[in-house]
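Heads up: the structure comes next, in C-alpha cells.
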Amino acid sequence: MITLTGSQEKAVSHKDGPLLIIAGPGSGKTRVITSRIAALISSGVRPYNICAITFTNKAADAMRQRVLDMSLPSGTHISTFHSLCVRILRRYADRASIGSTFSIYDDADQKKCVKEAIKQADLDTKSFSPQKMRAVISRLKNNLEDVTSFQERSSEFFTKCVARIYKNYQQILTQNNALDFDDLLLKTAFLLRDNSDVRDELNNRFQYLLVDEYQDTNQAQYQIARGLSIAHGNICVTGDPDQSIYAWRGADISNILAFEKDWPEATVVKLEKNFRSTANILDLADRLIVANKQRKLKKLVPTIPPGRDIEANTLEDEQAEAEFIAENIKKLVDNGANLDEIAVFYRVNSMSRTIEEACVHNKIPYQIVRGVEFYNRKEIRDMLAYLKILVNPEDDVALTRIINTPARGIGKTSLDRMAAFARMRNSSLYDAAKQAEQIETLSKSLKAKLAMFVDMIERFKTDINGPVAELMQRVFDESKLRNSLETVAAEEAHSKASAVENVEELINSAFKYDTVTDEPNLADYLLQIALVSDTDAYDPQSGRASLMTMHAAKGLEFDNVFISGLEQGLLPHERSVDDDKGLEEERRLFFVGITRARKTLNISLARYRTVHGQTMRTIPSQFLFEADIIAEDIRQEQEQLYEDDFSQAFDYSANSTAAFSKGQAVIHAKFGSGRVKEFHDLGENSIVVVSFNTGQTKPLMLKYANLTKV
DNA sequence: CATAGCCGCCTTTTT
DNA sequence: GGCGGCTATG
C-alpha cells in the first residue's frame with residue numbers, strides 16, 4: 001500500500017483545469033503522474049481521452065508498464081512529443097500539406113540535404129558548414145520560425161544567405177516527401193495554429209493532457225501542448241527548472257517559469273521532499289546548484305538519513321580512473337550489491353570506451369546506453385534506405401544510398417544523368433530509374449541494369465502491407481546486401497560485431513514489432529523506428545552495470561552511482577563555458593547526475609587525459625570547489641603541484657632554451673597559433689598552457705603537444 | 001565504372 | 001582517431 005504525502009495527494013486528486021507540479025528530483029513525480037491517470041479514470045474519464053507526453057520513448061515505455069501494473073483499462077495515449085506528432089500528421093496529412101507516406105530524416109540525412117541546399121544557393125561549404133547550417137535551421141524550426149518569416153527578418157548578408165539555404169533545404173525535403181525531426185514538431189504546431197477544426201477535434205479527443213519534463217520543452221512543443229489543451233485547459237505539467245539540460249536543443253526554461261502566466265487559474269503543487277537519496281547526497285546537490293543565478297530558490301528536503309560519505313578521488317589518467325571505478329564496482333558486488341543498481345555516468349559518449357575496457361578486464365557484465373550509434377551504422381542505414389524507398393519512392397536520399405549498394409554497376413555518372421532527367425521532368429530519381437529507357441544519355445547496358453533494379457524494388461513492394469521482418473529478410477538476401485557484407489566480413493575476420501549480425505538484430509527487432517502490433521506494416525514500422533534511439537534499449541533488469549552519459553541518465557535512479565571526468569573542459573564541457581547560461585546548464589547536468597544516486601556516490605577525475613590523440617594535464621572541475629566536495633584531497637594536491645611547478649620552472653628556465661616564457665607566440669598542429677599563458681616546467685612532463693587564437697585555452701603536455709615557437 | 005588510397009573534416013549532450 | 005568524400009589509377 002502506498003501512502004501519499006499531502007502535496008502528492010493534492011496533485012493526484014486535482015481534477016479539472018491547469019495544474020503545475022514543480023517537483024524536485026526523487027519526489028515521486030512519476031508515481032504521482034500514474035496515480036493521477038488512475039484517479040482520472042476512476043472518476044469516469046475514458047482512458048481514450050487521456051494523453052500523457054513523456055520526454056523519451058524509454059520513459060513512455062516505463063509509464064505504459066506502470067499503467068499496466070496498476071491494472072488500469074488500456075487506451076491512454078502515452079508517447080513522446082515526436083511520436084504523437086507523427087500520429088497527428090499522418091492523420092491530418094492533407095491538412096498539413098504533406099504526403100502521408102513521408103520519410104523521417106535524421107541528422108545525417110539532414111546534413112546531406114543541407115549540403116545540397118548550400119550548393120544550390122551557390123555558396124561554398126567552407127564559410128557555410130553543413131554541420132553549422134543544420135544546427136541553425138534546426139534552431140529556427142524549434143523556435144517556430146519558418147522560411148517566410150525568417151526571410152522577412154533577415155537583412156544582413158549572412159542571415160540572408162542562411163535564409164536562402166533554409167529555403168532550398170525546405171524545398172529539397174518537400175521534393176523527397178520527407179520531414180526532419182524538427183518538422184514533426186513545427187508542422188504539428190502550425191497545423192494546430194491554423195486549423196481551428198483540427199484543434200477542436202484533437203481537444204475533444206484528448207480531454208486531459210499531461211506533460212512530463214516540461215522544463216525541457218522547446219517553443220514548438222510548448223505551442224503544441226497549448227494547442228492541444230486550449231479548449232478545456234485540462235493541462236497538467238510537471239517539471240524541475242533545476243533539471244533543465246536541453247537548452248542546446250531549444251528547450252526554453254521560461255516555458256515552465258511562465259506557466260502560471262499562461263494559465264492564471266492554475267493550481268500549483270510543489271513536491272519538495274526527496275524520497276530517493278541520502279541526506280549526504282542531497283546536501284551535495286544543494287551546495288552545487290545554489291551557484292546558479294537563473295533559478296527559483298528551492299531546497300531539497302531529505303527523508304533519508306545521511307548515509308555514506310560522498311567519495312571523490314583523483315587518479316593518474318583515464319585508464320587508472322576506469323580501473324578504479326571497475327574495482328569499486330567489484331567491491332560493491334562483493335558486499336552484496338546488484339549490478340542493476342550500479343551506474344557509471346560521463347559527459348561524452350567517447351568516454352565510454354575506456355570504462356568499457358576496464359569492465360571487460362575486470363569481468364564485470366555491463367550495458368552501454370548509447371545515443372544513436374546503432375542506427376548510424378552503415379549497414380543499418382543501407383537496410384533502412386531499401387525499406388524507405390519501398391514506402392516513399394520520392395525519397396532521393398534513400399535511393400542514392402542504395403542504387404549502387406552493393407555495387408551493381410550504376411555509378412556516379414549514370415546517377416548524374418538520371419538526376420538531370422529527373423530535374424527536367426520534375427520527378428524523383430526512382431521515377432527516372434523507371435523511365436530509364438527514355439534517358440538517351442544512358443548506355444544500353446545501364447538501361448538493362450536499371451530495369452533489373454527497378455524490377456527488384458517492385459517485387460519487394462508487393463509485400464509492404466503485412467509483417468515486416470519477413471520482407472526485411474527477403475530484401476536483405478535478394479538485394480545481395482547480405483552477400484556483400486559477408487564478403488567484407490570474411491576479408492577482415494577480426495572485424496568488430498559483424499555487419500550481418502547488426503542487420504539481423506534489426507530484423508529481430510522488426511519481428512518483435514510484428515508480434516506486438518495489431519496491423520504491422522512497413523510504413524508504420526519505419527516511422528516508429530525513426531524515433532527510436534539506442535538509449536531506449538536500456539534494460540533496468542539486465543543484471544549488468546549501466547554505462548551512460550548524464551543526459552541519458554535523466555529520469556533514472558540507481559543505488560550506486562559513479563560520475564567520472566570531473567575536469568574543466570569536460571564537466572563543464574569546453575563548448576559550454578563561453579557564457580553563464582552554458583555554464584549553468586552544465587551545473588544542472590551535474591546536479592541531475594548526482595541526484596540519480598540513492599545510496600552511494602563516487603566522483604572521480606584523472607590528472608592526465610588523452611583527448612583526440614592529445615595527452616593533456618587536466619584541471620579539476622570548478623564544480624568540485626564550488627560544492628566543496630573534495631576540498632582537502634584535491635586542493636592540497638593542487639597547491640602542492642603548482643608550488644612545485646613554479647619553483648622548478650624558475651630554476652629551469654634560468655638556464656634552458658627549451659622553456660617557454662609567458663607571451664611566447666607558438667603554433668600547434670591542430671589548434672593553430674596562440675600565445676603561452678603559463679609554463680609549468682616538470683622536466684619531461686612539462687605543461688604549457690596556451691591561449692589559442694580560436695579563443696580556446698588549453699593546457700598541453702610539452703612532450704606530446706609538438707609546439708613550434710614563432 | 002570500381003577500387004584504393006589519401007586528405008581533410010569533425011568530435012557534446014538527443015528526439 | 002574515424003569517417004566521408006575526393007582523386008588517381010586500372
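It should be emphasised that the depicted structure is a prediction, and the values quoted were computed from it without experimental measurement.
- Across the protein-nucleic acid pair, Lys111(A) atom NZ and dT14(B) atom P stand 16 Å apart, rounded to whole Å.
- Not a single salt bridge (Lys or Arg N to Asp or Glu O under 4.0 Å) links Lys449(A) to another residue, sequence neighbours left out.
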Counting only pairs under 3.5 Å, give me each side-chain donor-acceptor contact of residues 128-136 of chain A, with atom names and distances, residues two or more places apart or in other chains.
residue   : atom : partner   : partner atom : Å
Ser129(A) : OG   : Lys132(A) : N            : 3.0
Gln131(A) : OE1  : Lys111(A) : NZ           : 3.2
Arg134(A) : NH1  : Gln110(A) : OE1          : 3.0

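- Taking the centre of each ring, Phe55(A) and Phe81(A) stay at or above the 6.0 Å mark.
- By the side-chain hydrogen bond (donor to acceptor under 3.5 Å, both in side chains) test, Lys141(A) is found to be paired with Gln170(A), Asp180(A), Asp183(A), residues two or more places apart in sequence or in another chain being considered.
- For Asn218(A), there are no side-chain hydrogen bond (donor to acceptor under 3.5 Å, both in side chains) partners, not counting sequence neighbours.
- Whole-Å rounding puts the Leu571(A) CG to dT13(B) C1' distance at 11 Å.
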Just the atom pairs and distances: protein N or O near nucleotides 2-5 of chain B's N or O, under 3.5 Å.
residue : atom : partner   : partner atom : Å
dA2(B)  : OP1  : Gly409(A) : N            : 2.7
dA2(B)  : OP2  : Asn404(A) : ND2          : 3.2

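- In this structure, Asp182(A) places its CG atom 11 Å from C1' of dT14(B), rounding to the nearest Å.
- Within the 4.0 angstrom heavy-atom criterion, no nucleotide atom of any strand lies near Ser350(A).
- What separates CZ of Arg417(A) from P of dC1(B) is a distance of 6 Å, to the nearest Å.
- With hydrogens and angles ignored, no donor-acceptor pair under 3.5 angstrom links the side chain of Arg575(A) to the base of dT13(B).
- Residue contacts shown for Tyr246(A) are limited to sugar-phosphate atoms, with no base heavy atom under 4.0 Å away.
- Among the atoms of the strands shown, none is found under 4.0 Å from any heavy atom of Glu585(A).
- Here Thr413(A) lies in heavy-atom contact (under 4.0 Å) with sugar-phosphate atoms only.
- Side-chain atoms of His573(A) and base atoms of dT12(B) include no donor and acceptor less than 3.5 Å apart.
- Applying the salt bridge (Lys or Arg N to Asp or Glu O under 4.0 Å) rule to Glu626(A) yields the partners Arg587(A); only residues at least two apart in sequence or on another chain are considered.
- Residues passing the side-chain hydrogen bond (donor to acceptor under 3.5 Å, both in side chains) test with Thr54(A), sequence neighbours excluded: none.
- In this structure, Arg596(A) is not positioned above the aromatic face of Phe345(A) in the sense of NZ or CZ being under 6.0 Å from the six-membered ring centre and within 45° of the axis.
- Between Lys554(A) atom NZ and dT15(B) atom C1' there is a gap of 12 Å when expressed in whole angstrom units.
- Annotation: proximity of residues 248-256 of chain A to DNA chain B (heavy atom, distance under 4.0 Å) is found for Trp248(A), Arg249(A), numbered in ascending order.
- In this structure, Ile104(A) reaches neither bases nor backbone, as no heavy-atom distance under 4.0 Å exists between it and the strands shown.
- Partners of Lys378(A) by salt bridge (Lys or Arg N to Asp or Glu O under 4.0 Å), not counting sequence neighbours, listed by chain and number: Asp382(A).
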